[in-house]
Number of protein chains: 2
Amino acid sequence: MHIPIKVDYGVRALLDLAEHAQEPAVRSADISLRQHIPQSFLDRLLLTLAKDGLVRSVRGPLGGHALARDPAQVTLGMVMRSLGGNETIVGCLEAPESCNHLAGCGQREIWSEVEDAVQRILDGTSIADLLVRTKAARALVVSAAN
Amino acid sequence: MHIPIKVDYGVRALLDLAEHAQEPAVRSADISLRQHIPQSFLDRLLLTLAKDGLVRSVRGPLGGHALARDPAQVTLGMVMRSLGGNETIVGCLEAPESCNHLAGCGQREIWSEVEDAVQRILDGTSIADLLVRTKAARALVVSAAN
DNA sequence: CTTGTAGTTGACCAACTTGGTCAACAATAC
DNA sequence: GTATTGTTGACCAAGTTGGTCAACTACAAG
Ligand code: FES
Ligand code: FES
């Protein structure tokens, strides 16, 4: 049970784009610097996100990346599905015959219950939600420093 | 987001032990045959489960494995923690300084929310629960065959 | 039309995890 | 002492993760 760092990176990148939504395009180099994500790696992630329609990228000078939709319409679930690889919760998801020997494996429903619970949380949290959370967290840090 | 097959194997093994609780010890070879788990692999899993106090194993002829506790007291969460490796949901669990740069990463709480939800489901399901579920599933299969 | 900028693509990489095997070893019942 | 059964360590192939690099392509400005 593990959240790949790619997903966290991706979310941070989208959050960065949401914060700079007034700019027509944000360069990956800037995101990389601000979010402390290795740039070449970040580029791949942005590419994947673009292919999945979460960001719009434009090349050349003045180029960069921008959110393709309203931050409230982009959920963590989408990011996970985009970047998290197409792994399934357990090997026998769509290959039920491999585990379903003789009398059926009683665990299957539990594993998918788990999957559903995770998806519910992830699909219930948008980039917009996360942005206000992040700002609140930052405010806390600042006030603690005083 | 993935449930390693080890865990499923382990649960199936424990389920098998629970079903044969009247026998003083069940040989891993029998479990292997009944549950279709490669024996050498199963042996390792049983060893781990034994080290974590979930089964009791005895060597020699008449030896084998048995549940170390009441099936109702053994949860899927325990099996997961025992066999699932000590992976954490995201790298920066107990290394918050690595991600907590400048102002804190707002996602951290979401990831642990997810982790908690999973743990709640897993800790809320015991081998005993699963045994009745499995029997019900088997009854369904049998009735469907008639 | 050249030049610089910035995203895209493919090849490649080390480290780690997963699922699994095998042979040798240790305990124990008969 | 012998057969049986769990224990332990070494080893393995395949896949995933996190990451790099060089080449390529699109485009804006001059
Ligand atoms: S073997 Fe497929 S879920 Fe149990
Ligand atoms: S970087 Fe650690 S949770 Fe975001």
Side-chain angles (χ1 to χ4, degrees), chain A residues 1-10 12-13 17 23-33 35-52 54-66 68 80 83-92 95 98-99, chain B residues 1-10 12-13 17 23-33 35-52 54-66 68 80 83-92 95 98-99:
Chain A
M1 193 62 50
H2 188 248
I3 305 274
I5 197 66
K6 307 192 214 183
V7 177
D8 196 83
Y9 282 173
R12 296 225 304 269
L17 291 182
E23 303 172 23
V26 179
R27 283 169 306 169
S28 82
D30 291 342
I31 305 178
S32 165
L33 270 164
Q35 303 297 329
H36 305 85
I37 304 171
Q39 195 189 344
S40 343
F41 196 45
L42 174 62
D43 282 346
R44 325 227 86 178
L45 300 181
L46 286 168
L47 180 61
T48 307
L49 290 173
K51 280 187 178 155
D52 288 336
L54 298 187
V55 312
R56 265 177 305 103
S57 310
V58 10
R59 305 203 249 197
L62 303 190
H65 308 268
M80 182 76 100
L83 298 177
N86 36 13
E87 339 141 10
T88 48
I89 188 113
V90 75
C92 14
S98 71
C99 57
Chain B
M1 191 64 48
H2 186 249
I3 304 274
I5 197 66
K6 308 191 213 182
V7 177
D8 197 83
Y9 282 174
R12 297 226 303 268
L17 291 181
E23 303 173 24
V26 179
R27 283 170 305 169
S28 83
D30 292 343
I31 304 178
S32 166
L33 270 164
Q35 304 296 330
H36 305 84
I37 304 170
Q39 195 189 343
S40 343
F41 196 46
L42 174 61
D43 282 346
R44 324 227 89 178
L45 301 181
L46 286 168
L47 180 60
T48 306
L49 290 173
K51 280 185 177 157
D52 286 338
L54 298 187
V55 313
R56 266 176 303 102
S57 310
V58 10
R59 305 203 248 199
L62 303 191
H65 308 267
M80 182 76 99
L83 298 176
N86 36 13
E87 340 139 10
T88 47
I89 190 111
V90 75
C92 16
S98 72
C99 57

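Protein chains get the first letters and strands the later ones, always in sequence-line order, with residue 1 at the start of each.
Here D:dG19 presents its P atom at 13 Å from CG of A:Leu83, a figure rounded to the nearest Å. Atom-to-atom, CD1 of A:Ile5 to P of C:dC16 comes out at 16 Å; the value is rounded to the nearest Å. A:Glu23 places its CD atom 13 Å from the P atom of C:dA6, with the value rounded to the nearest Å. Per the geometry, CG belonging to A:Asp43 stands 11 Å off P belonging to D:dT20, to the nearest Å. Distance, B:Ile3 CD1 to C:dT17 P: 18 Å, rounded to whole Å. Regarding B:Leu49, its CG atom lies at a distance of 14 Å from the C1' atom of D:dT7, rounded to whole Å. Between the CG atom of B:Asp30 and the C1' atom of D:dT5 there is a distance of 11 Å, rounded to whole Å. Across the protein-nucleic acid pair, A:Leu42 atom CG and D:dG19 atom P stand 11 Å apart, rounded to whole Å.
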I'd like a table of atom pairs between the protein and nucleotides 10-12 of chain C - only N or O on both sides, under 3.5 Å - with the distance next to each one.
unit_1	atom_1	unit_2	atom_2	d
C:dG10	N7	A:Arg44	NH2	2.7
C:dG10	O6	A:Arg44	NH2	2.9
C:dA11	N6	A:Arg44	NH1	3.0

What pairs of nitrogen or oxygen atoms, one from the protein and one from nucleotides 24-30 of chain C, lie under 3.5 Å apart?
unit_1	atom_1	unit_2	atom_2	d
C:dA27	O4'	B:Arg59	NE	3.4

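Closest approach of A:Ala13 and A:Leu42 over heavy atoms only: CB-CD1, 3.9 Å. Nearest heavy-atom pair across A:His65 and A:Leu17 is O-CD2, 3.5 Å. The shortest heavy-atom contact between B:Lys6 and B:Leu45 is O-CD1, 3.8 Å. Taking both residues in full, the closest heavy atoms of A:Ala66 and A:Pro24 are given as CB-O, 3.7 Å, listed atom of the first, atom of the second, then distance. Nearest heavy atoms, A:Arg12 versus A:His36: NH2-O, 3.9 Å. In terms of heavy-atom proximity, A:Val55 sits nearest to A:Leu46 at CG2-O, 3.8 Å.
When distances are taken from the side chain of B:Lys51 to each of D:dT8, D:dT7, D:dT5, the shortest belongs to D:dT8. The side chain of A:Phe41 sits closest to D:dG19 out of D:dG19, C:dG7, D:dT17. Listed candidates were D:dG18, C:dT21, C:dT18. Nearest to the side chain of A:Lys6 is D:dG18.
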Legend entry - Verdict with supporting geometry, A:Asp8 and A:Ile3, side chain to side chain contact (heavy atoms under 4.5 Å, CB included): CA-CA 8 Å; A:Asp8 196 83; A:Ile3 305 274; 5.6 Å; no

Inset, instruction - Would you please test B:Ser32 and B:Asp30 for side chain to side chain contact (heavy atoms under 4.5 Å, CB included) and show each step? - result: CA-CA 5 Å; B:Ser32 166; B:Asp30 292 343; over 6 Å; no

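Both B:Val26 and A:Gln39 lie close to DNA chain D; mapped to their nearest nucleotides by heavy-atom distance, the more 5′-ward contact belongs to B:Val26. Place A:Pro38 and B:His65 on DNA chain D by their nearest nucleotides, and B:His65 ends up nearer the 5' end.
Taking B:Gln39 as the reference, B:Ser28 meet the side chain to side chain donor-acceptor pair (under 3.5 Å) condition, with sequence neighbours excluded.
Taking 4.0 angstrom as the limit, B:Tyr9 places none of its side-chain polar atoms (N or O) nearer than this to OP1 or OP2 of C:dG19. For D:dG6, the OP1/OP2 oxygens have a side-chain nitrogen or oxygen of B:Ser28 closer than 4.0 Å.
Using a 4.0 Å heavy-atom distance criterion, A:Ser40 is classed as a base contact.
A 4.5 Å side-chain heavy-atom check between A:Asp52 and A:Thr48 finds at least one atom pair inside the cut-off.
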